[in-house]
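Read the numbers this way: they start at 1 and go in the same order the structure lists the ligands and their atoms. As the structure is a computational prediction, the values presented were derived from the model and not from experiment.
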Amino acid sequence: MVRISSSFLVLAVYAVGINARYRNLEHREYKLAKVSHVRRADNATSCAPYWMESVKHQGLASFNNDTSYKVFRNVKDYGAVGDGTTDDTAAIQKAISEGGRCAPGSTCQSTTTTPAVVYFPEGTYLLSASIIDYYYTQIIGNPNCLPTLLASADFNTTTGLGLIDGSPYQSTGKTGFGPTNTFFRQIRNLIFDMSKIPANVSATGIHWPTAQTTTLQNLVFNMAAGNETLHQGVFVEEGSGGFMADLTFNGGNYGFNVGNQQFTTRNLTFNGCKTAINQLWDWGWTYKSVSINNCQVGFNISAGGPSAVNVGSLTLLDSSITNTPIGIITARTAGSEPVGAGSLYMENVKLDNVKSAVSLLDAAGGIGLTGESILAGSAGASVVDAWADGHRYLPKGPTNDRGSIAPSVRPQTLVDADGKFFERSKPQYGDIPVDKFLSVRDTGAKGDGKTDDTVALNAAILQAKTEGKILYVDAGYYKISNTIYIPPGSKIVGEALSSVILSSGDFFNDINNPQPVVKVALPGEMGSIEWSDMLVSTQGQQAGAILIEYNLGSYDEPAGMWDVHTRIGGFAGSHLQADKCPTTPLVIATEENLVKDCIAAYMAMHITKFGRGLYMENNWLWTADHDLDDAKNNNTQITIYTGRGLLIESIYGTLWLYGTAVEHHSKYQYQFVDTRDIVMGQIQTETAYYQPNPSASLPFPVNAALSDPLFELLPTNTTTNTTTSANSANGWGLRILRSSNLLAYGVGLYSFFDNYSTDCSQDHLIKCQTRILSIEGDALSHDISIYNLNTVGASSMVTRDGVDLVEARDNNSTFVDTVGVFRLPLYS
Ligand SMILES: *[C@@H]1O[C@H](CO)[C@@H](O)[C@H](O)[C@H]1NC(C)=O
Ligand SMILES: *[C@@H]1O[C@H](CO)[C@@H](O)[C@H](O)[C@H]1NC(C)=O
Ligand SMILES: *[C@@H]1O[C@H](CO)[C@@H](O)[C@H](O)[C@H]1NC(C)=O
Ligand SMILES: *[C@@H]1O[C@H](CO)[C@@H](O)[C@H](O)[C@H]1NC(C)=O
Ligand SMILES: *[C@@H]1O[C@H](CO)[C@@H](O)[C@H](O)[C@H]1NC(C)=O
Ligand SMILES: *[C@@H]1O[C@H](CO)[C@@H](O)[C@H](O)[C@H]1NC(C)=O
Ligand SMILES: *[C@@H]1O[C@H](CO)[C@@H](O)[C@H](O)[C@H]1NC(C)=O
Ligand SMILES: *[C@@H]1O[C@H](CO)[C@@H](O)[C@H](O)[C@H]1NC(C)=O
Ligand SMILES: *[C@@H]1O[C@H](CO)[C@@H](O)[C@H](O)[C@H]1NC(C)=O
Ligand SMILES: *[C@@H]1O[C@H](CO)[C@@H](O)[C@H](O)[C@H]1NC(C)=O
Ligand SMILES: *[C@@H]1O[C@H](CO)[C@@H](O)[C@H](O)[C@H]1NC(C)=O
Ligand SMILES: *[C@@H]1O[C@H](CO)[C@@H](O)[C@H](O)[C@H]1NC(C)=O
């Protein structure tokens, strides 16, 4: 039976109005051209100067008491020579460590008060030992002529792991920073030249055990080739990532040697590696646009073997494997354990001169040619349209299937001329001269965390747009007391992931009259924007703050948000840290006694009915679960209340969500309402750690206009005479209402805690919450495909209109529960 609530009717009428207005635009398709990239010079003389090097450096660490603290550091100012013969190791390390920064293995676990950009001009920088990365560091080279980090022939591999070690092992046997708390860092535009290190020495390009808000972009790894090589490009063994794109690996035993809860990785090229990707473990990992050439093995996902499969799932799309005998080695068999693990989904994967596309791990552990081939390769060019190995729900199940499956029907608005899902890397503006940038500091904004910058920041945004310039938001906290408006046509870039718009005051504090902190376009405005490397945050109680309200309709060219995050509570300057917002497991939280000062936001981000055509990449909408600037240096847990995570109501959708995560909001993390045409993966959520104490109903009253979920019992089913409990106490990871053509390539919905305790998710218990993913709206929700759904702590993995369709107990996997393919077809 189709239940149509009155609120749906109101929305439907509204939608018809907008439909009429934009009818002629509805089916317009983008010309999703391949984006041109800045040239890479073959020699230094042709290198264009980079604006980031020449721009005036005025970035501030607003809440650092050291007023001389420098955010921007050019390694040459610290003595690095870059001539390929002088040992620059110590100079580069000095550029990273100066200024009382947060060193791995020190008492510092994390901090937001010492952000830095460590910049490499063109040059070849000789390294004799590892460069040790610190907390909150952006290591950036000139993108116009990638600087080279050249490891010397006698490179000391015992000081760290890698030319850059992101978190060196300590004498305790642990990494310097907790891998799942290693946030806010990037490495971009560098060549890692390991070719002088003998092939028989174990050498690593980057050791990168990291979590959300981390990026590797535009890097090349040159390693020793051949059968004897022990080199590896990127090594990750732990964490909760994260995003990487535009990486090239030449040679090496492994290009990637990686394990992590989840990651989104895009545009990776592997040339002549022995094994391109060795997957140590994961829950979910999304690989898009991977090109594997002249390797021996593409992916090895057989870790753990059939008796203890260690790779939860892997999603591969829009990729190619060429001149490589074995595409993928798996350990998944009919009897492998855990039953849901080793799940593989492939879509649009080209093969050319591949003997076996998917092979079973052979007993000898060789390159897999003696193992059983379970998907034949191809001597010439061919395409795997779609192939899945794992548990399927269509939408009933599970069946344990291996083989071809009809590929997703891709909305034409989302794909490029080759039929691949559109993708576009973060613009770095290498070809734009420095005089085309406008600094907000030069136009009068203070960014000191104290001054009210509302007027100055709004004026700077308008001025940049009017003058056709890119707005440079120097590092700093821009405290504002009223909405910041970003008009169509704006291009805005921050510094050091530490350019923060910080809302404060009464305007944003009415729980019954929410207001946007940043409003991207007015409803009905059309055009495009580019926005990158910035944070939006709140200070103190902000019960009515909607951090980003997105109204922009992009019909000609998609707009983009790269590395733009919301961070709510838990940092210096937020006024919501461990002292003010402690955990309260021993108190039954009620409307009356919960700490109202810690109500920090109404909603993280709202893509309204008007929003259309937005490309999102590496965005973390985070309500803090712990204090990043903890006086005790102990990642102390805190309680911050925020009402809602990401709400998407876009009528025409056309959204790309690559590498997005939403965590610890009260009613839901993602909620899709009356929307369509969205591709996403990985998406990742965590339920608030305090729930169900208080429950998801507190402290935010239901707003029917936003289609808020109700946390109460559903009507009794008159056939079975049972009263199904809705998810009565915990927020939804993902809730879909009356929406269609949603394609999710990798979804991780985690509920680790119950009343601040992880007992409910340990030892594979699934007792933290009953339900976590809800699809509602009967026949109005259709054409929904979810590949590699991984949940933690929830007993039901998918609920449709109050009926549980997928039970976790049937899909036991690694730490998670895994479903390979879930599809809700048209009007089923
Ligand atoms: C390299 O530099 C030389 C001058 O030293 C120049 O003539 C040549 O065009 C440059 N090559 C490239 C590919 O830019
Ligand atoms: C900075 O100074 C303020 C005021 O003296 C003090 O409360 C705060 O603890 C200091 N912060 C740090 C990180 O030292
Ligand atoms: C390598 O570094 C370690 C640790 O700093 C040091 O003890 C060792 O002497 C170095 N080895 C060489 C060959 O310099
Ligand atoms: C690597 O090979 C060289 C030359 O054959 C040899 O001297 C050296 O001991 C080897 N190193 C290791 C770590 O095996
Ligand atoms: C390298 O190893 C592969 C796989 O074992 C083998 O086919 C190939 O002949 C070897 N190459 C050389 C140069 O030994
Ligand atoms: C992929 O990365 C390479 C190397 O950085 C770059 O040249 C290429 O343009 C990128 N492709 C896309 C589609 O971004
Ligand atoms: C693949 O991984 C398995 C399990 O870790 C290992 O035994 C095997 O040697 C690996 N094969 C290759 C070719 O890397
Ligand atoms: C929360 O957990 C603590 C510790 O396990 C327990 O003592 C307390 O009763 C719980 N509170 C509620 C409201 O469930
Ligand atoms: C640090 O946190 C751990 C785990 O929450 C706790 O057991 C320990 O007592 C804390 N240490 C300090 C110094 O607060
Ligand atoms: C009631 O339960 C029956 C049996 O499980 C099911 O077929 C039916 O769809 C349910 N009705 C509703 C309205 O959920
Ligand atoms: C349904 O269940 C309730 C409570 O268990 C019982 O009182 C009632 O008689 C049942 N009704 C039917 C139609 O079975
Ligand atoms: C589920 O898998 C885990 C390994 O991830 C295993 O320890 C546990 O015994 C399995 N549970 C069941 C019920 O099969």
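The SG atoms of C768 and C760 lie less than 2.5 Å from each other.
Distances from atom 5 (O) of ligand 9 to the protein include no heavy-atom value under 4.0 Å. Less than 4.0 angstrom separates atom 14 (O) of ligand 9 from at least one non-hydrogen atom of the protein.
For atom 3 (C) of ligand 9, the closest non-hydrogen atom on the protein side is N634 ND2, 3.6 Å. Distance from atom 12 (C) of ligand 5 to its nearest protein heavy atom, with residue and atom name: N227 ND2, 3.1 Å.
Residues Y745 and S408 bring a donor and an acceptor atom of their side chains to less than 3.5 Å of each other. Side-chain polar atoms of D246 and N267 form a donor-acceptor pair below 3.5 angstrom. Side-chain atoms of S554 and Y615 include no donor-acceptor pair closer than 3.5 Å.
In summary, of the residues considered (K288, R266, R424, K426), a salt bridge (charged side-chain N to carboxylate O under 4.0 Å, His left out) with E617 occurs for R266 alone.
By the 3.5 Å distance cut-off applied to N or O atoms, R266 is not counted among the residues near ligand 6.
Heavy-atom contacts of N218 reach the following atoms of ligand 6: 5 (O) (cutoff under 4.0 Å).
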